[in-house]
Amino acid sequence: MKQFTRGAIVLAMAVAALAGLFAALVPLSNSLIEQWARRDVELRSELVFNSIRDRVERELAGQTQELIPFFQRLTTDERIMALGLCDAEGRITVATPRMPRDLDCRIPPAAGASESAARFTRVRIAGERVLIGVFPIAAAGQSAHLVILHELGFVADRIVEARWYLMMVGLALLLLVGAVTTLMVGLLQRRYMRAVLSSIQDLKAGRPARSRSVMDPRVQEESREIRGLLRDFREKIRQEDGTPVEWSPSTLQDLLEKELPDAEVFVVSNREPYIHNRDGDHIVVQRPASGLVSALEPVMRACGGVWVAHGSGSADRDTVDREDHVAVPPAKPAYRLRRIWITDEEQEGYYYGLSNEGLWPLCHLAYVRPIFRDSDWQQYVAINQRFADAVVREATRPDPIIMVQDYHFALLPRMIREQLPKATILTFWHIPWPNAEAFGICPWKEEIIAGLLGSTVLGFHTQAYCNNFFETVDRFMESRIDREHRSVVFGGEETMVRPYPISIEWPPAALLSQQPVEACRRAVRERYGLSPDMKVGVGIERFDYTKGILDRLLAIDELLTRQPEWKGRFTFIQIVAPTRSKLASYTALQEDAVRITAEVNARHGSEGYQPIHLVIRHHEPEDVYELFRAADICVVSSLHDGMNLVAKEFVAARDDEQGTLVLSRFAGASSELSEALIINPYDVQGMAEAIGRALVMPEAEQRERMRLMRSHVRERNVYRWAGQILLDASRLRKRQRVQEFANGD
Ligand code: F6P
């Protein structure tokens with residue numbers, strides 16, 4: 001709005017300036033015209049005098065009366081009123097009729113002029129303005145004066161005319177200024193409205209706020225205000241809906257008790273939350289490096305229930321009961337893990353093949369070609385059916401709540417729905433959903449979409465992914481999309497499609513056992529042989545090509561090349577958990593990362609200084625949190641990522657409110673953690689600059705940014721994520737019950 005006010009002020013100022021100019025110009029133009037006219041008349045007078053002088057001088061000695069008809073002929077010029085002669089005493093001796101008889105010709109010469117120069121004066125005669133020109137003449141010993149009277153009435157006419165022209169020009173100028181200003185204000189308004197609209201659309205689609213480079217900083221400021229207001233508004237509506245604000249395990253438990261009493265809760269995922277592995281004679285429990293597991297495990301601890309997952313550990317079979325159940329967490333059981341067994345051959349097709357060589361690259365735009373094999377698809381269908389049957393067998397009620405997780409189980413919702421029509425099936429897709437064109441290359445797109453539309457609620461991390469899903473359904477399925485209610489009706493059944501940005505538990509369990517930050521800094525620096533004042537950057541993730549690890553290593557190379565002063569003062573610790581190592585795209589990535597690390601270390605390292613520490617080993621959450629606390633910066637440079645919980649974990653780990661997060665704009669987390677240094681991971685130089693900037697960021701700025709991000713993650717924790725889904729589920733169950741009453745079921 002400031003721009004419109006400014007526009008109006010500029011217009012008012014222009015009008016005022018024009019009015020002032022006009023007021024100043026009118027008297028000036030009057031006096032100029034007066035002067036020009038007078039000079040003009042004087043020149044005419046002199047011209048007349050010079051042209052008749054000889055004749056008058058000739059007549060002076062004789063019959064001067066003879067001059068009268070001659071003078072009268074001259075007065076036919078409309079501006080010459082009268083002509084006459086004066087004697088030496090100033091009396092009129094000869095004159096045309098309109099010459100006043102009492103006119104005194106003794107007009108003193110102008111200052112500095114000679115006696116023989118022409119003299120002019122202005123008088124009023126019978127109300128008329130008149131210029132009197134007196135010209136000395138001398139001939140034949142006689143001296144006299146020729147007197148010429150000019151009417152000056154035309155001067156007033158000229159002044160009026162000039163004023164009229166001035167007014168017209170002023171008006172035209174005013175109209176021009178007005179038109180230009182209106183046009184400019186209109187353009188500004190359109191630009192402003194477009195910026196505001198796109199800002200709202202970005203918020204709606206879950207995209208991050210635009211950067212300064214693409215938006216006028218003032219518009220950006222206002223767009224930020226609007227986004228803030230809309231968020232508050234949305235929050236208010238949620239609060240009025242009865243959604244608690246402080247989400248914790250107990251609020252989630254209360255919600256379940258209040259909204260979904262006696263509900264039987266299941267989680268289904270491929271990855272299990274606790275893996276039992278054989279280590280010599282011992283059995284060790286491992287918690288996998290999985291965003292899905294870190295998000296859902298605390299939810300299950302809070303809600304209880306059954307988690308159905310693939311038993312992948314070497315000692316998993318040894319630790320289950322006859323029903324393939326094991327109570328977890330091992331130290332303090334809160335729910336049951338039901339393990340499903342999959343043979344190596346099945347795993348090849350279902351997990352490595354269709355899930356990770358097909359759907360994973362299909363949904364992540366990281367420029368790795370998806371591979372679709374019919375044999376993989378057959379295994380995928382069979383394993384989905386196995387999990388569906390297991391859930392149905394586990395259910396003791398006809399209407400359980402089943403939380404289906406991820407792209408490994410696209411067919412599961414429909415398979416369960418066919419056997420348990422009253423089940424509430426809440427499916428969450430943990431990875432991005434690409435646009436329709438990209439998804440369209442999948443040979444089994446219709447089957448996958450139909451499978452997902454067996455869900456009661458289908459969740460994605462962001463609105464943008466929901467929109468892509470709607471677009472895909474629209475393109476490939478016979479269905480009805482209700483955008484207002486954000487649902488799809490397919491085969492007579494409705495599926496709600498909503499964004500639920502996933503998060504982490506707050507406070508994270510792994511944080512509780514941590515040493516103070518100073519102790520973590522010391523411990524990590526000692527472990528890696530670093531000096532106490534060495535700046536440390538960390539990257540922690542699965543060894544996946546979507547994470548942008550190679551680009552990150554190249555950015556460190558770029559930083560040390562462009563800013564060599566960091567050599568010996570900055571080290572990057574890259575922790576990578578091996579994953580899907582059987583796949584060529586993953587082994588190639590590992591080889592490349594090892595090679596680039598060696599090259600960078602050779603190029604910039606020196607005795608006692610290793611720029612990059614590449615550690616390829618699984619780390620337990622406590623070790624990860626210690627590293628986060630020891631670091632000065634954390635880099636998350638995913639090429640494409642549904643959410644990325646590492647970014648949120650780093651923020652959660654920093655209760656000292658220090659440390660800087662460098663975050664990819666292509667990770668879903670960037671739409672929430674806008675106080676991170678947002679980067680384009682494809683722009684290695686830009687990433688290097690951001691890392692350089694993070695390394696010198698003042699403590700006060702780090703604190704300010706970290707504080708905002710921490711309060712966001714605290715409020716929007718994983719209990720809230722689960723709570724929102726369960727609240728939607730409860731509403732739908734109630735609605736379904738009312739429908740059943742109405743149908744008399
Ligand atoms: O990103 C989605 C996700 O399911 C994560 O939760 C998890 O980190 C990963 O994909 C799956 O990894 P994995 O194949 O090792 O189970």
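One-based numbering, in listed order, for ligands and for the atoms of each. In this chain, numbering begins with 1 at the start of the sequence shown. Here the structure is a predicted model, which means the values were calculated and not measured.
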Within 45° cone of W341 ring axis and under 6.0 Å: R317 NZ or CZ: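 Yes, a cation-pi geometry.
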Does the pair [X]/[Y] count as a salt bridge with the N-to-O cut at 4.0 Å?
{"X": "E297", "Y": "R301", "value": "yes"}
{"X": "R710", "Y": "E715", "value": "no"}
{"X": "E357", "Y": "R369", "value": "no"}
{"X": "E541", "Y": "R552", "value": "yes"}

List ligand 1 atoms under 4.0 Å from [X], heavy atoms only on the residue side.
{"X": "H430", "value": "2 (C)"}
{"X": "I431", "value": "1 (O), 2 (C)"}
{"X": "G291", "value": "5 (C), 6 (O), 7 (C), 8 (O)"}
{"X": "R580", "value": "9 (C), 10 (O), 11 (C), 12 (O), 13 (P), 14 (O)"}
{"X": "T579", "value": "15 (O)"}

Under 3.5 Å side-chain donor-acceptor pair for H325 and R336: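 Yes, side-chain donor-acceptor contact under 3.5 Å.
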Any donor-acceptor N or O pair under 3.5 Å, side chains D655, Q514: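 No, no side-chain donor-acceptor pair sits under 3.5 Å.
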Proximity to ligand 1 by part of R542, non-hydrogen separation under 4.0 Å: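 Looking at R542 and ligand 1, just side chain atoms fall under 4.0 Å.
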Residue portion contacting ligand 1 (non-hydrogen atoms closer than 4.0 Å) for Y352: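 Within the 4.0 Å criterion, Y352 makes no contact with ligand 1.
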Best match, D406, L292, L296: closest heavy atom to atom 3 (C) of ligand 1: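 The nearest heavy atom belongs to D406.
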Nearest option to atom 7 (C) of ligand 1, as decided by whichever heavy atom of S290, P288, A309, S638 sits closest: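 The residue whose heavy atom sits nearest atom 7 (C) of ligand 1 is S290.
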Closest protein heavy atom (residue, atom, distance) for atom 10 (O) of ligand 1: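 Nearest protein contact, heavy atoms only, for atom 10 (O) of ligand 1 is W360 CZ3, 3.5 Å.
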Identity and separation of the nearest protein heavy atom to atom 14 (O) of ligand 1: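 Result for atom 14 (O) of ligand 1: Y351 OH, 2.5 Å.
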Spatial distance of atom CD1 (I502) from atom CG (N644) [nearest 0.5 Å]: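 Nearest 0.5 Å value for the CD1-CG distance: 12.0 Å.
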Plane angle bin for Y407 and W360 - parallel if under 30°, tilted between 30 and 60°, otherwise perpendicular: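 Answer is tilted, since the angle falls between 30° and 60°.
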Nitrogen or oxygen of V293 less than 3.5 angstrom from that of ligand 1: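 No: no nitrogen or oxygen of V293 is under 3.5 Å from one in ligand 1.
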Nitrogen or oxygen atoms of R271 and ligand 1 under 3.5 Å apart: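 There is such a contact, yes.
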